[in-house]
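Data first, discussion second: the structure below is written as structure tokens.
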Amino acid sequence: MPPEVPHYRSLATPLVKSSPPSSPESQFNIPGGRKYFKGNKSMAIPGRKLIPSVVFILACISILRLLRIAITTSPSAPLPPTLQHTCSTPSPACEKAPSHTPSNQTAQQKIAADEPSLTKKEFKLLSDLIKRKAPCNLLVFGAEPQYLRLSSINSGGTTIFLEDDPDKISAARAKSNTTQIYKIDHQTPAKKAYKLLEHARKSPACAPNPEMLQNSSCKLALKNLPREVYELEWNVVVVDGPSGHSPEAPGRMGAIYTASMIARAGNTTDVLVHDVDRTIEKWFSWEFLCDENLVASKGKLWSFRISAKSNSSGFCSDHIVAIE
């Protein structure tokens with residue numbers, strides 16, 4: 001009986017064929033997969049190099065957009081004081097340069113005039129005082145629209161306004177022909193407050209002496225006010241002018257000093273000072289009206305009550321404003 005070798009070969013053949021054949025195509029596919037894998041690595045390297053460039057380009061675009069917005073929306077700034085002085089004479093260069101003209105100042109003042117000077121609580125403190133005193137003699141430094149209502153509250157009394165702004169004077173007279181308002185000039189800028197306070201402390205002419213106010217040699221005394229200001233005994237004096245909103249603007253040093261002198265000429269006078277959150281108003285109120293005479297306050301409004309005998313030997317008995 002012949003051996004069954006072919007039978008075993010036939011059984012072994014499928015076993016051999018079941019394994020993956022080694023062919024040129026299969027050899028090509030394996031390296032191809034490796035090439036594809038390596039291709040991903042080669043594509044990632046240029047991408048990383050492009051990231052800084054893209055970020056730089058986007059940053060430049062953002063900066064350019066911000067500059068464009070800033071240029072198109074920013075208002076023209078006023079010239080510094082040095083440039084304003086150099087442009088005092090007409091020249092082509094000055095005509096092209098932006099300047100802080102009086103018309104611009106007037107426009108800003110009109111915008112500010114639309115805003116109330118006193119808050120409701122501050123005006124209530126003032127109006128309640130006038131109601132208790134009316135009819136009385138009321139003197140007001142300043143002519144804000146709110147203060148014009150005090151004339152009707154003080155019906156039967158005397159109300160006089162002192163103002164340096166022609167526009168406010170015209171607006172006040174347009175609302176009421178019976179309003180007594182006088183144009184005065186405040187020529188002392190707010191930046192001189194420190195030197196004037198030193199002068200007042202050293203000069204005997206600035207000591208309390210209401211009778212000599214018109215002829216006083218004190219630099220703080222306002223000597224060119226209407227005649228009624230010096231002749232009448234005032235029951236209430238309000239200081240909310242001049243503006244004093246910048247170092248170059250007229251300050252309220254003389255108004256506060258003069259109000260303190262006028263108050264000491266009567267029996268008892270209430271003096272109210274607004275904007276005491278500002279340094280000059282606070283300093284000069286403490287110096288000449290004295291914190292021991294402070295009887296009420298609301299917001300930025302202080303109310304002092306001064307008698308003719310108060311601080312007769314000096315303005316304030318135990319308070320000296322420290323200035324550095």
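Residue N235 holds its CG atom at 9.0 Å from CG of N267, rounded to the nearest 0.5 Å. Between the CG atom of D277 and the CH2 atom of W302 there is a distance of 9.5 Å, given to the nearest 0.5 Å. Atoms NZ and NZ, on K121 and K300 in that order, are 14.5 Å from each other to the nearest 0.5 Å. The CD atom of Q187 lies 10.0 Å from the NZ atom of K192; values are rounded to the nearest 0.5 Å. Taken to the nearest 0.5 Å, the CE atom of M253 stands 12.0 Å off from the NE2 atom of H199.
Around atom NZ of K298, no more than 12 heavy atoms belonging to other residues, nucleotides or ligands sit under 6.0 Å away.
For the side chain to side chain contact (heavy atoms under 4.5 Å, CB included) criterion with L139, the lone passing option out of V229, T158, T269 is V229.
Residues in residues 202-224 take part in no side chain to side chain donor-acceptor pair (under 3.5 Å) pair, two or more places apart or across chains. Counting only residues at least two apart or in different chains, salt bridge (Lys or Arg N to Asp or Glu O under 4.0 Å) contacts with residues 177-188 comprise K183-D185. For residues 195-228, the set of pairs meeting the disulfide (SG to SG under 2.5 Å) definition, not counting sequence neighbours, comprises C206-C218. A salt bridge (Lys or Arg N to Asp or Glu O under 4.0 Å) check over residues 147-159, counting only residues at least two apart or in different chains, returns nothing.
Side-chain atoms of S260 and V271, non-hydrogen and from C-beta on, never get closer than 4.5 Å to each other. Two residues are said to be in side-chain contact when any heavy atoms from C-beta on lie closer than 4.5 Å; I256 and S285 meet this criterion. Looking at K191 and S246, their side chains never come closer than 4.5 Å, going by heavy atoms from C-beta outward. Between I184 and E163, every side-chain heavy-atom pair lies at or beyond the 4.5 Å cut-off. Side-chain contact check for T268 versus R305: some heavy-atom pair is nearer than 4.5 Å.
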inquiry  = For a salt bridge (charged side-chain N to carboxylate O under 4.0 Å, His left out) check, start with the C-alpha distance between K195 and E198, then their side-chain angles and the critical distance, and finish with the verdict.
reply    = CA-CA 5 Å; K195 293 183 178 180; E198 283 189 323; over 6 Å; no
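Using a 4.0 Å cut-off between a side-chain N of Lys or Arg and a carboxylate O of Asp or Glu, E287 and R201 qualify as a salt bridge. Contact check on D270 versus K133 returns a salt bridge, with a Lys/Arg side-chain nitrogen under 4.0 Å from an Asp/Glu carboxylate oxygen.
Among all heavy-atom pairs drawn from A249 and S243, the shortest one is CB-OG, 3.9 Å. Looking at every heavy atom in both residues, N154 comes nearest to P135 through OD1-CA, 3.5 Å. When every heavy atom of K168 is checked against every heavy atom of A143, the shortest pair comes out as CB-O, 4.3 Å. For the pair L289 and F304, the tightest heavy-atom approach, listed with the atom from each and the gap, is CD1-CD1, 3.6 Å. Here the shortest heavy-atom pairing between A259 and V237 reads CB-CG1, 3.8 Å. W234 and E228 get closest at one heavy-atom pair: CZ2-O, 3.7 Å.
Ring planes of Y257 and F288: perpendicular class, angle over 60° (limits at 30 and 60°).
At a cut-off of 3.5 Å, with distance as the only test, a side-chain donor of S117 or D240 sits close to an acceptor on the other residue. In this structure, a donor-acceptor pair under 3.5 Å is present between the side chains of H274 and E122.
Put simply, the side chain of N137 gets close to the backbone of E233: a donor and an acceptor are under 3.5 Å apart. In this structure, the side chain of Y230 engages the main chain of L225 through a donor-acceptor pair within 3.5 Å. Of the possible donor and acceptor atoms, none in the side chain of R252 sits under 3.5 Å from a partner among the backbone N and O of F284.
C136 meets the disulfide (SG to SG under 2.5 Å) test with no other residue; sequence neighbours excluded.
Hydrophobic cluster membership of F123, counting Ile, Leu, Val, Met, Phe, Trp and Tyr whose side-chain heavy atoms lie under 4.5 Å apart directly or via other members: L118, L125, L126, L129, I130, L138, V140, Y147, L148, L150, I153, F161, I169, I181, V236, V238, L272, L301.
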